[in-house]
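A quick write-up on the structure given underneath.
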Amino acid sequence: MIPGSFEYYAPRSLSDAVKYLSEHKDDVKILSGGQSLLPLMKMRLSKPGYIVDIGRIPGLDSITEEDNHLILGTLVTHTQIEESALLKKKCPLLPQTATTIADVQVRNRGTIGGSVAHADPAGDWPPAILALDAEIKVTGSSGERWVKCDDFFLGLMMSVLEPDEVVTAIKVPVTGTDKTAYLKAVPRSSGFAVVGVAVRMAIDASAVCDRIALGITGVTDKAYRAERVEQMLTGKKLDSKLIEDAAAESTRNVDVIEDINGSSEYRAHLTHVYVARAIQAAIQG
Ligand SMILES: Cc1cc2nc3c(=O)[nH]c(=O)nc-3n(C[C@H](O)[C@H](O)[C@H](O)COP(=O)(O)OP(=O)(O)OC[C@H]3O[C@@H](n4cnc5c(N)ncnc54)[C@H](O)[C@@H]3O)c2cc1C
């Protein structure tokens with residue numbers, strides 16, 4: 001389990017990192033926490049000739065509050081998110097999600113930006129940030145841009161990132177009194193979601209749903225918003241029957257995958273069960 005040889009570069013500035021990326025475009029990989037990249041390199045599923053380690057670039061590992069939003073630098077680790085008092089208070093869906101990721105070792109090294117860039121179809125951050133309508137800051141040789149989360153993920157480990165671009169931050173809203181939950185079904189062997197469901201919702205005192213956003217992972221080639229479920233519940237007084245009927249629509253028009261963890265019929269059923277449970281968990285707080 002030894003990776004192929006590569007040239008290693010650890011710049012101290014983002015502009016140097018971007019320059020290196022544009023010089024080695026076709027054969028370079030960014031190293032963040034290394035929790036996905038290194039296993040792939042050791043199995044020779046990824047064989048970059050050049051590695052740019054962004055871990056020594058200052059200013060990419062903090063969580064700040066700005067204009068009713070929270071900005072997480074790309075190098076913020078899963079553990080930082082899990083333990084952040086600011087996030088627990090202002091955007092609890094993020095710590096709720098972080099606690100479900102892998103084990104302590106992976107959470108200590110793995111980063112939110114690395115996970116988002118990796119676009120793993122079973123990753124836990126994509127559904128959470130979809131449910132939060134997050135924006136992703138990307139920096140490349142043509143400058144900076146903010147990409148809406150809905151537009152970022154294209155398919156199996158594919159995103160809109162260009163080869164010379166770095167994810168530099170994730171922006172999420174302060175969720176205030178909204179109710180949130182993240183639930184996932186995991187096989188004991190890996191910890192990766194067979195299905196994971198993130199919910200952000202607002203309900204009034206008489207149980208009427210003012211708005212709801214649901215992000216789902218593990219089910220198809222990329223995380224997605226369950227828009228049909230959101231439409232069925234918005235503006236309605238919620239009860240168990242309505243939640244279950246809506247949850248049953250969460251895989252409509254979705255190409256549900258089949259793998260070692262189960263058939264597509266099984267996974268679709270599990271998705272319906274977990275969508276209903278996640279909504280109930282959010283309501284119960
Ligand atoms: C045993 C194990 C269990 C795991 N279980 C889970 C789990 O339950 N849920 C889950 O969500 N994840 C899980 N993971 C993955 C983990 O969360 C990783 O931390 C994450 O997928 C990648 O983040 P990273 O910082 O380690 O990125 P890296 O491994 O360093 O990079 C991953 C990929 O993204 C690219 N990249 C990295 N940073 C950037 C950037 N800033 N801009 C552009 N491209 C970038 C890299 O070039 C590489 O292609 C697990 C990993 C392991 C080893």
Side-chain angles (χ1 to χ4, degrees), residues 3 6 8-11 14 17-18 20-21 24 28-43 45-48 50-63 70-84 87 94-95 97-130 132 134-140 146-147 149 152-172 190-193 196 215 217-218 222-223:
F6 53 86
Y8 172 84
Y9 177 52
L14 197 53
V18 168
Y20 192 79
L21 285 172
H24 303 291
V28 62
K29 283 282 181 192
I30 296 170
L31 176 68
S32 284
Q35 297 303 295
S36 294
L37 181 59
L38 295 188
L40 289 173
M41 287 173 63
K42 286 184 171 184
M43 290 186 284
L45 294 170
S46 178
K47 290 187 252 179
Y50 301 86
I51 290 284
V52 54
D53 179 349
I54 61 171
R56 290 175 208 179
I57 301 174
L60 297 180
D61 61 355
S62 55
I63 305 170
L70 298 149
I71 312 223
L72 288 80
T74 187
L75 293 177
V76 169
T77 62
H78 310 323
T79 297
Q80 263 177 283
I81 295 172
E82 184 181 6
E83 294 177 351
S84 164
L87 293 179
L94 294 181
T97 304
T99 55
T100 73
I101 297 176
D103 52 34
V104 175
Q105 283 168 311
V106 172
R107 293 201 292 274
N108 281 345
R109 300 289 311 174
T111 67
I112 187 162
S115 299
V116 169
H118 194 49
D120 190 313
D124 294 300
W125 289 124
I129 65 171
L130 277 168
L132 290 167
E135 287 183 69
I136 298 156
K137 188 180 182 185
V138 168
T139 307
W146 283 96
V147 182
C149 192
F152 186 83
F153 302 106
L154 296 181
L156 184 71
M157 289 173 179
M158 276 175 16
S159 72
V160 297
L161 279 179
E162 297 292 340
D164 66 345
E165 285 185 320
V166 188
V167 168
T168 46
I170 320 287
K171 179 160 85 170
V172 296
S190 82
F192 270 103
T217 193
K222 61 173 185 165

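On a predicted model such as this, the values are computed, not experimentally measured, just so you know. Just so it is clear, the values below take in all heavy atoms, side chains as well, and ignore hydrogens, waters and symmetry mates.
Across all their heavy atoms, Ser159 and Leu154 have their closest contact at O-CD1, 3.4 Å. Of all non-hydrogen atoms in Leu37 and Ser46, the two that sit nearest each other are CD1-OG, 4.1 Å. Contact record, Gly55 with Leu75: CA-CD1, 3.8 Å, taken as the closest heavy-atom pair. The nearest pair of heavy atoms linking Ala193 to Ala122 is O-CB, 3.6 Å. Nearest heavy-atom pair across Val18 and Gly140 is CG1-C, 3.5 Å.
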Practice item. Walk me through it: do Val104 and Thr79 pass the test side chain to side chain contact (heavy atoms under 4.5 Å, CB included)? Key: CA-CA 8 Å; Val104 175; Thr79 297; 5.5 Å; no
Exercise for review: Take Ile51 and Met41 through the test side chain to side chain contact (heavy atoms under 4.5 Å, CB included) and record every step on the way to the result.
Suggested key: CA-CA 11 Å; Ile51 290 284; Met41 287 173 63; 3.8 Å; yes
Practice item. Might you work through the side chain to side chain contact (heavy atoms under 4.5 Å, CB included) test for Leu161 and Phe152, ending with a clear yes or no? Key: CA-CA 8 Å; Leu161 279 179; Phe152 186 83; 3.9 Å; yes
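Atoms CD1 and OG1, on Ile81 and Thr97 in that order, are 9.0 Å from each other to the nearest 0.5 Å. Of the inter-residue distances, the one linking Asn108 atom CG with His78 atom NE2 reads 10.0 Å to the nearest 0.5 angstrom. Atom CD1 of Ile136 and atom CD1 of Ile129 lie 4.0 Å apart (nearest 0.5 Å). Asp61 CG to Thr111 OG1: the interatomic distance, rounded to the nearest 0.5 Å, is 10.5 Å. Leu31 contributes atom CG, which lies 8.0 Å from atom CZ of Phe6 (distance to the nearest 0.5 angstrom). With rounding to the nearest 0.5 angstrom, the CG atom of Leu130 is 13.0 Å from the CH2 atom of Trp125.
Sorted by first and then second residue, the side-chain hydrogen bond (donor to acceptor under 3.5 Å, both in side chains) pairs involving residues 160-171 (not counting sequence neighbours) are Thr139-Thr168, Ser141-Asp164, Arg145-Glu165.
In terms of the side chain to side chain donor-acceptor pair (under 3.5 Å) criterion, Thr100 has no residue partners (sequence neighbours excluded). For the side chain to side chain contact (heavy atoms under 4.5 Å, CB included) test, residues two or more places apart in sequence or in another chain that qualify with His118 are Ser36, Leu40, Asp120, Met157. Judged as a side chain to side chain contact (heavy atoms under 4.5 Å, CB included), and not counting sequence neighbours, the contacts of Ala17 are Pro11, Val52, Ile54, Ile57. The side chain to side chain donor-acceptor pair (under 3.5 Å) test applied to Tyr50 returns no partner, not counting sequence neighbours. Take Asp53 and apply the side chain to side chain donor-acceptor pair (under 3.5 Å) test, not counting sequence neighbours, and it matches Tyr8. In this view, Arg107 and Glu82 satisfy the salt bridge (Lys or Arg N to Asp or Glu O under 4.0 Å) rule, not counting sequence neighbours. Tyr9 is linked by a ring pair (Phe, Tyr, Trp, His ring centres under 6.0 Å) to Tyr20, counting only residues two or more places apart in sequence or in another chain. Taking the side chain to side chain contact (heavy atoms under 4.5 Å, CB included) definition, one finds that Lys222 meets it with Phe153, sequence neighbours left out. Qualifying side chain to side chain contact (heavy atoms under 4.5 Å, CB included) partners for Lys47, counting only residues two or more places apart in sequence or in other chains: Arg44.
Taking 4.5 Å as the limit, every side-chain heavy atom of Leu70 sits out of range of all side-chain heavy atoms of Leu94. Residues Asp103 and Val106 are in side-chain contact: their nearest non-hydrogen atoms beyond the backbone lie under 4.5 Å apart. Counting heavy atoms from C-beta outward, Pro163 and Leu21 have side chains that stay 4.5 Å or more apart. Contact check for Ile170 versus Val76: no side-chain heavy atoms found under the 4.5 Å cut-off.
A donor-acceptor pair is defined here as one N or O able to donate and one able to accept, closer than 3.5 Å; such a pair exists between the side chain of Thr74 and the backbone of Val167.
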